[in-house]
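For the numbers below, each heavy atom of this structure counts, side chains included, while hydrogens, waters and symmetry mates do not.
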Amino acid sequence: MIKTLDNYVYNLKSIRFKIMDQMRVHLIVSFTFASNGSYPIPLANEKNANITIAHATSGIAATGIIGTTSHGNIQLLPDDPNGFMNISNISIELPFLIESSEPGLSFSMMSNMDTRPDIQEIKKHCLECLNRLIDVVRYNTKRYWMRTLREQDLFIYKITREKNGREEDELFFSPPSGYNYPIQIIDEDSVKPSILEMLQKRTPLPLSLKLWLDGLSLYSSGRFNEAVINANISFEVFLDDYLSEKYKAAGKSDEEIEQLLAKDFKDGMHKLMRRQFFAGQSHEDLTNTGDPIYLKFDNFRKKRTNAIHHRMRNITMPEALQVLRESNDVVIWVMDRREVLF
């Protein structure tokens, strides 16, 4: 017997839910399929999922491409299946909780979604709810052209998990296309006071850090030779600043600091590192004993030479990634020794 829409029982047998635990999934679909508003979706556990849709409307397409303008209140089309004028900003409240497979993350790369089982399960439930809504809307409006949503139609940008009355947000972002460097991105709101203070006080930014971030940008765009060169220059600038601060703390004058730095860098970076941080041990002793920090330093300096003499061989993506990581590791190691050395 054919089931009617009136007696249709929405079934989600795979849902694993906990009492009082729930979640909200915030996503965008790049076209419209239902009007603004809230739509309850009955589930098999006698609870409701709830879909809230808010259209984001732009007149740019009509004005800039077609050349039309509108006057008075804008009347939305019944739907915009191609996303030409409107998109759907959607929130889906689910009366159960799917635990994160990577707990504790506030920011996550969209590129990692496909490998996370929790995200895949969440997408499945979202699709079932949304496609149920589409079926009912299509049935009642006779808009036969409405199509079933697919996983690639869902652009999830935030998941709010509520457990034991406490909410945690996980935001998803996608940096510009390219090679992603594994770095923890910081929520801008959490550092807003620091941003405003630095702007107000015209605080100068460390040149070494700016150069290192430039190196990440070069790496992301596939310019691996330049990324390696940038990382090495960044380290040289960092070491110059570090030693300047050390000599200043020792009571040296600006003129004396300039003379000391000129002497330090005259013999090359390897001798400078061994003299300042390894008690003058030889290169052979440090490499033979396998000192991890010195080996990292030695490797990214060698890759600098390879990157400069690029006619012989271009730096590969894994090599560039290794250089960026190792140079950062050595900087952190030096900074950790700061209290001892000063």
Visitor: Quick one: list whatever passes side-chain hydrogen bond (donor to acceptor under 3.5 Å, both in side chains) with Arg138, sequence neighbours left out.
Guide: Asp135
Visitor: Same cluster or not: Trp212 versus Met335, using hydrophobic residues (I, L, V, M, F, W, Y) connected whenever any side-chain heavy atoms lie under 4.5 Å apart?
Guide: yes
Visitor: Compile the donor-acceptor pairs under 3.5 Å between side chains in residues 261-271 and protein atoms, sequence neighbours left out, one pair per line.
Guide:
from   : atom 1 : to     : atom 2 : distance (Å)
Asp264 : OD2    : Tyr247 : OH     : 2.6
His270 : NE2    : Asp298 : OD1    : 2.8

Visitor: Do the ring centers of Phe235 and Phe300 come within less than 6.0 Å of each other?
Guide: yes
Visitor: Please list all pairs passing the side chain to side chain donor-acceptor pair (under 3.5 Å) test where one or both residues lie in residues 284-297, with sequence neighbours left out.
Guide: Arg274-Tyr294, Ser282-Asp285, His283-Tyr294, Lys296-Asp329
Visitor: Only pairs at least two apart or in different chains count here, so list each salt bridge (charged side-chain N to carboxylate O under 4.0 Å, His left out) that has a residue in residues 201-225.
Guide: Glu197-Lys201, Arg223-Glu226
Visitor: For Asp118, which residues count as a side-chain hydrogen bond (donor to acceptor under 3.5 Å, both in side chains) partner, sequence neighbours excluded?
Guide: Ser101, Arg116, Arg161
Visitor: Taking only residues two or more places apart in sequence or in another chain, which ones pass salt bridge (charged side-chain N to carboxylate O under 4.0 Å, His left out) with Glu168?
Guide: Arg166
Visitor: Not counting sequence neighbours, list each pair that qualifies as a salt bridge (charged side-chain N to carboxylate O under 4.0 Å, His left out) and has a residue in residues 23-44.
Guide: Arg24-Glu167
Visitor: Look at the side-chain heavy atoms of Ile, Leu, Val, Met, Phe, Trp and Tyr, link any pair under 4.5 Å apart, and say whether Leu218 and Met317 land in one connected group.
Guide: no
Visitor: With sequence neighbours left out, write down each residue that passes salt bridge (charged side-chain N to carboxylate O under 4.0 Å, His left out) with Glu93, or none if nothing qualifies.
Guide: none
Visitor: Using a 4.5 Å cut-off between side-chain heavy atoms of Ile, Leu, Val, Met, Phe, Trp and Tyr, which other residues end up in the same hydrophobic cluster as Leu205?
Guide: Met198
Visitor: Please work out whether the ring planes of Trp333 and Phe277 are parallel, tilted or perpendicular, with thresholds of 30° and 60°.
Guide: perpendicular
Visitor: Start with the C-alpha gap between Met23 and Ile98, add the side-chain angles, then the distance that decides, and say whether side-chain contact (heavy atoms from CB on, under 4.5 Å) holds.
Guide: CA-CA 8 Å; Met23 61 196 306; Ile98 298 174; 4.1 Å; yes
Visitor: Would you call the rings of Phe31 and Phe33 parallel, tilted or perpendicular if under 30° counts as parallel and over 60° as perpendicular?
Guide: perpendicular
Visitor: Taking side-chain hydrogen bond (donor to acceptor under 3.5 Å, both in side chains) as the test, write out the residues that go with Glu256, two or more places apart.
Guide: Ser253
Visitor: With sequence neighbours left out, what residues match Arg325 under salt bridge (charged side-chain N to carboxylate O under 4.0 Å, His left out)?
Guide: none
Visitor: Does Glu258 have any salt bridge (charged side-chain N to carboxylate O under 4.0 Å, His left out) partners at least two apart in sequence or in another chain, and if so, which?
Guide: none
